[in-house]
Every structure is written in C-alpha cells, then in structure tokens.
Amino acid sequence: MSRTKNQVIEIAERHGLMFKKDTLVFNESGMDFQVVFAVDLEENEWVLRFPRRDDVMPRTKDEKKALDLVNKNITNYQAPDWSIYTNELIAYKKLNGIPAGTIDHEIQNYVWEMDINNVPKSFHVTLGKALADIHRIPKEQAAVAGLEIHSSEELRQFMRERMGAVKAKFGVDDSLWKRWQDWLNDDELWPGETGFIHGDVHAGHTLIDEDANVIGLIDWTEAKVSDVSNDFVFQYKAFGEDGLQSLINAYRDAGGYTWPKMKEHIIELEAAFPVAIAEFTIVSGQEEYVEMARQVLGASGE
C-alpha cells in the first residue's frame, strides 16, 4: 500500500508534524515500508516510514527497543531516534552523513564514497571506536529491554545446531563441513564473552562524514547480545585481512573486548555464511533460492 502526497501530509499532521508540501520525496523501493523524505517548517529534515501491510509493524518492536537502548547509552554517534512510533507511521529526524557505500544492483557491488583502494585510516579508527562503545552497552539493560541474549557458552552450541539443521536439509561439502567442525572444536578461536551488537554492519548502514569518519549507524533490526565478531565480518569481506586487522587494532585501542585469535575466528565466521543463506532459503520458501543454497554449501542436488 502506498500513500499519496495528500495522505502523507494528513497522517503527518495528525501526529503533530507540519511539512512543506513541495519538499516531499518518495522512495518506493522497500517491500515493507514506503519511505518519504520531507522538510518541516523549521527546516528540519525528516524520514517518514509508512507500513505497507498490517504484519509489518509488529516486527519493528525489537528494533524500537534496540534504538531506545542505543540512544540512551551512545552520545558520540548517531542512530535513528523514532520520535513518532505508531501503527501507521514511524518518523525521525534525518541523520547527518552519508552511507559509506551503496549497492549498485547492475554491477552487483558497492559504489563507495571513499577511495576503496586507499581507505583513510580515520575510517578504521572511528569505526573501531564506535563498535567498542556499542559493544559496551550493558547487557543487563538489553535483557530488561527484552532483546535476544546469547552467552559465550551458547554461541558454539547454537552454531552447531544451525549447521546440523542445514546439513540435514541440503547436505554440505565434506571439506567445508570439516572446516566448520574444526572451528567449532577449537577453544582458542571462540570469545569468552558476548556483547551488545548492531548485527548488520556494512557500508550501506555505516554513515560517514566528508573525511570518512564514521558518525552513525542505521538499521538496527538485528541488534542483540551475541558474538561481537558479527560486526567485523563485513570489514573482512570488503577490505581483506589487512583491513580487518586495522579495525581490530582500533577497536582494541578504544577498549573493545578482544582475544588472541579474534581475527581467525572472524575469518571462520565468514566461512560459515552459507548457513545463513540456507536458513533464508528455508524461511522464504522460494524454490529459486534452493539451488543457490546448494551451490554455496557445495551440496549436490541429488
């Protein structure tokens, strides 16, 4: 369901927002939300999200809990602050900065807002500081908020169960399965504690300024207390081992929790990404994804 300009203005006014009608810009790309950008009478820029279906809003409850927790604890970095949150509208003031990169579906890759071949040191340093601050958000507060909580003891067992379910459904290449089991059985690779994580850190969710300093993160739908390594996987995929080590160093310097084989653990976590692809295939029920899942798992279709 999409709203017209007049409907957008009417809904906004019911929620106490007055916008200049000629500033409305519509983004219809989202499957769950129609997004409208607008400027109010005081020249503040806003992001308005209108649910397309009745089932959409209940699934935003955990993200709202996470954002309230983040905005309560983090002052040095931006996160969306949903000042209006009702069944018909989510609205918040637009954040500063721009995404570090955005996906170009034609080239199937990111278009970056910085020199990808000479990534500024400031990007790694400020991202490391941001992650250290986020991961230090008290787990007790996350529990009180009702967010998902995983202990360090649960991490491996949870991953073991996920891998077993995927293997039973699709099969897994023998060498990949051995790699996963070696990882699961190596005590030195696994973290001794967990932390509050963003859960989906990538270029499109990372806001930077003109000097490539990280100033905010958006889209907190995967936030929970879990393996902090999850917030480092994209860094490895985008910038390789050197970029990953730079981020770990900055994170450690900022007081983030590290362990001797953190880098190796993150690399193995990335190697387990086919598990998530297979799980998505199961949840979506879309037959066209089945072959993709079998390919990344190295499984035959027999």
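Keep in mind that this is a model prediction, so the values were computed, not measured.
The backbone N or O of Leu189 lies less than 3.5 Å from a partner atom in the side chain of Trp259, making a donor-acceptor pair. At distances below 3.5 Å, at least one donor-acceptor pair connects side-chain atoms of Asn71 with backbone N or O atoms of Pro80. Between the side chain of Glu154 and the backbone N or O of Ser151, at least one donor-acceptor pair lies under 3.5 Å. Counting only distance, with no hydrogens or angles, the side chain of Thr23 and the backbone of Phe19 share no donor-acceptor pair below 3.5 Å. In terms of modelled atom types and a separation under 3.5 Å, the side chain of Glu10 and the main chain of Gln7 share no donor-acceptor contact. The backbone N or O of Val214 sits less than 3.5 Å from a side-chain atom of Thr126, completing a donor-acceptor pair. Of the possible polar contacts, none joining the Asp104 side chain to the Asn109 backbone as a donor-acceptor pair under 3.5 Å is found.
The heavy-atom pair separating Ile134 from Ile74 by the smallest distance is N-CD1, 4.1 Å. Nearest heavy atoms, Asp231 versus His135: OD2-NE2, 2.8 Å. Ala293 approaches Thr281 most closely through the heavy-atom pair CB-OG1, 3.6 Å. The minimum heavy-atom distance between Ala38 and Leu48, with the atom names listed, is CB-CD1, 4.5 Å. Heavy-atom minimum distance, Ser152 versus Gly192: OG-O, 3.1 Å.
In the hydrophobic clustering of ILVMFWY residues, with side-chain heavy atoms under 4.5 Å counting as a link, Leu127 and Leu244 come out together. Under a hydrophobic-cluster definition in which Ile, Leu, Val, Met, Phe, Trp and Tyr are linked whenever side-chain heavy atoms come within less than 4.5 Å, directly or via other members, Val8 and Val56 are assigned to different clusters. Ile11 and Val35 fall into different hydrophobic clusters, where Ile, Leu, Val, Met, Phe, Trp and Tyr are joined by side-chain heavy atoms under 4.5 Å apart, directly or via other members. There is no path of hydrophobic side-chain contacts, each under 4.5 Å, that joins Phe33 to Ile9. No path of Ile, Leu, Val, Met, Phe, Trp and Tyr side chains, each step under 4.5 Å between heavy atoms, connects Ile103 with Val111, placing them in separate hydrophobic clusters.
For residues 207-226, no residue pair satisfies the salt bridge (charged side-chain N to carboxylate O under 4.0 Å, His left out) rule, not counting sequence neighbours. Screening residues 178-189 for side-chain hydrogen bond (donor to acceptor under 3.5 Å, both in side chains) gives Arg156-Asp187, Lys178-Asp182, Arg179-Glu268, Trp183-His265, Glu188-Lys261 as the qualifying pairs, with residues at least two apart or on separate chains.
Between Lys65 and Asp68 there is no salt bridge, since none of the side-chain N atoms of the basic residue sits less than 4.0 Å from a carboxylate O of the acidic one. Under a 4.0 Å N-O distance rule, the pair Asp55/Arg53 qualifies as a salt bridge. Residues Asp32 and Arg59 are paired through a salt bridge, judged by an N-O separation under 4.0 Å between the basic side chain and the carboxylate. A salt bridge links Arg14 to Glu88: one of the charged nitrogens lies within less than 4.0 Å of a carboxylate oxygen.
Within 6.0 Å of CD in Glu288 there are more than 12 heavy atoms belonging to other residues, nucleotides or ligands. More than 12 heavy atoms of other residues, nucleotides or ligands lie within 6.0 Å of NZ in Lys20, so this atom counts as buried by the packing criterion. Annotation for Asp54: atom CG does not count as buried by contact number, only 12 or fewer foreign heavy atoms lying within 6.0 Å. The number of heavy atoms from other shown groups lying within 6.0 Å of CG (Asp22) is above 12.
Phe234 is linked by a ring-ring contact (aromatic ring centres under 6.0 Å, His included) to Tyr110, counting only residues two or more places apart in sequence or in another chain. Residues passing the side-chain hydrogen bond (donor to acceptor under 3.5 Å, both in side chains) test with His198: none are found, sequence neighbours excluded.
Contact of the Phe170 side chain with the Val290 side chain is registered, since non-hydrogen atoms from C-beta on lie closer than 4.5 Å. Side-chain contact between Arg252 and Tyr257: absent, with no pair of heavy atoms (C-beta onward) separated by less than 4.5 Å. Counting heavy atoms from C-beta on, the side chains of Phe239 and Leu247 never come closer than 4.5 Å. Side-chain contact between Asn73 and Gln141 is present, with heavy atoms from C-beta onward closer than 4.5 Å. Counting heavy atoms from C-beta on, the side chains of Thr194 and Asp227 never come closer than 4.5 Å. Using a 4.5 Å heavy-atom threshold, the side chains of Val233 and Ile266 count as touching. Counting heavy atoms from C-beta outward, Leu297 and Val166 have side chains that approach closer than 4.5 Å. By the 4.5 Å heavy-atom criterion applied to side chains, Glu270 and Lys237 are counted as neighbours.
Less than 6.0 angstrom separates the ring centroid of Phe158 from the ring centroid of His150. Aromatic rings of Phe232 and Tyr251 (six-membered ring for Trp) have centroids within the 6.0 Å cut-off, being under it.
Within the model, atoms CG of Asn249 and NZ of Lys263 stand 9.5 Å from one another, a figure rounded to the nearest 0.5 Å. Taken from CD1 in Ile277 to CD in Gln295, the straight-line distance is 10.5 Å, to the nearest 0.5 Å. In this structure, CD in Glu63 is found 8.5 Å from OH in Tyr85, a value given to the nearest 0.5 Å. With rounding to the nearest 0.5 Å, the separation of CZ in Phe123 from CE in Met114 is 4.0 Å. Lys72 NZ to Asp81 CG: the interatomic distance, rounded to the nearest 0.5 Å, is 14.0 Å. Rounded to the nearest 0.5 angstrom, Phe37 CZ and Leu24 CG are separated by 11.0 Å.
In this model, no donor atom of one side chain and acceptor atom of the other lie less than 3.5 Å apart for Ser226 and Glu148. Judged by distance alone, the side chains of Gln157 and Glu153 never bring a donor and an acceptor atom under 3.5 Å apart.
Within the cation-pi definition used here (under 6.0 Å to the ring centroid, within 45° of the axis), Lys129 does not qualify as a partner of Tyr77. The cationic atom of Lys167 (NZ for Lys, CZ for Arg) lies less than 6.0 Å from the six-membered ring centre of Trp177 and within 45° of the ring axis.
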Distance-only check: which donor-acceptor pairs under 3.5 Å involve side-chain atoms of residues 90-98, not counting sequence neighbours?
none

Checking side-chain hydrogen bond (donor to acceptor under 3.5 Å, both in side chains) for the pair Asp173/Ser175: CA distance, chi angles, key distance, verdict? CA-CA 6 Å; Asp173 173 75; Ser175 61; 2.3 Å; yes
Would Arg52 and Glu28 count as a side chain to side chain contact (heavy atoms under 4.5 Å, CB included) if you check the C-alpha gap in whole Å, the side-chain angles of each, and the deciding distance to 0.1 Å? CA-CA 10 Å; Arg52 295 191 183 277; Glu28 303 287 355; 2.9 Å; yes
Check against side chain to side chain contact (heavy atoms under 4.5 Å, CB included), Val25 and Val36: CA-CA 6 Å; Val25 176; Val36 180; over 6 Å; no
Go through the steps to decide whether Gln34 and Phe26 satisfy the test side chain to side chain contact (heavy atoms under 4.5 Å, CB included), and finish with yes or no. CA-CA 8 Å; Gln34 177 190 26; Phe26 288 73; 3.4 Å; yes
Between Ile197 and Leu131, does the side chain to side chain contact (heavy atoms under 4.5 Å, CB included) criterion hold? Intermediate values first, please. CA-CA 8 Å; Ile197 66 172; Leu131 292 181; over 6 Å; no
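In the hydrophobic clustering, Val144 connects to no other residue, as no ILVMFWY side-chain heavy atoms lie under 4.5 Å from its own.
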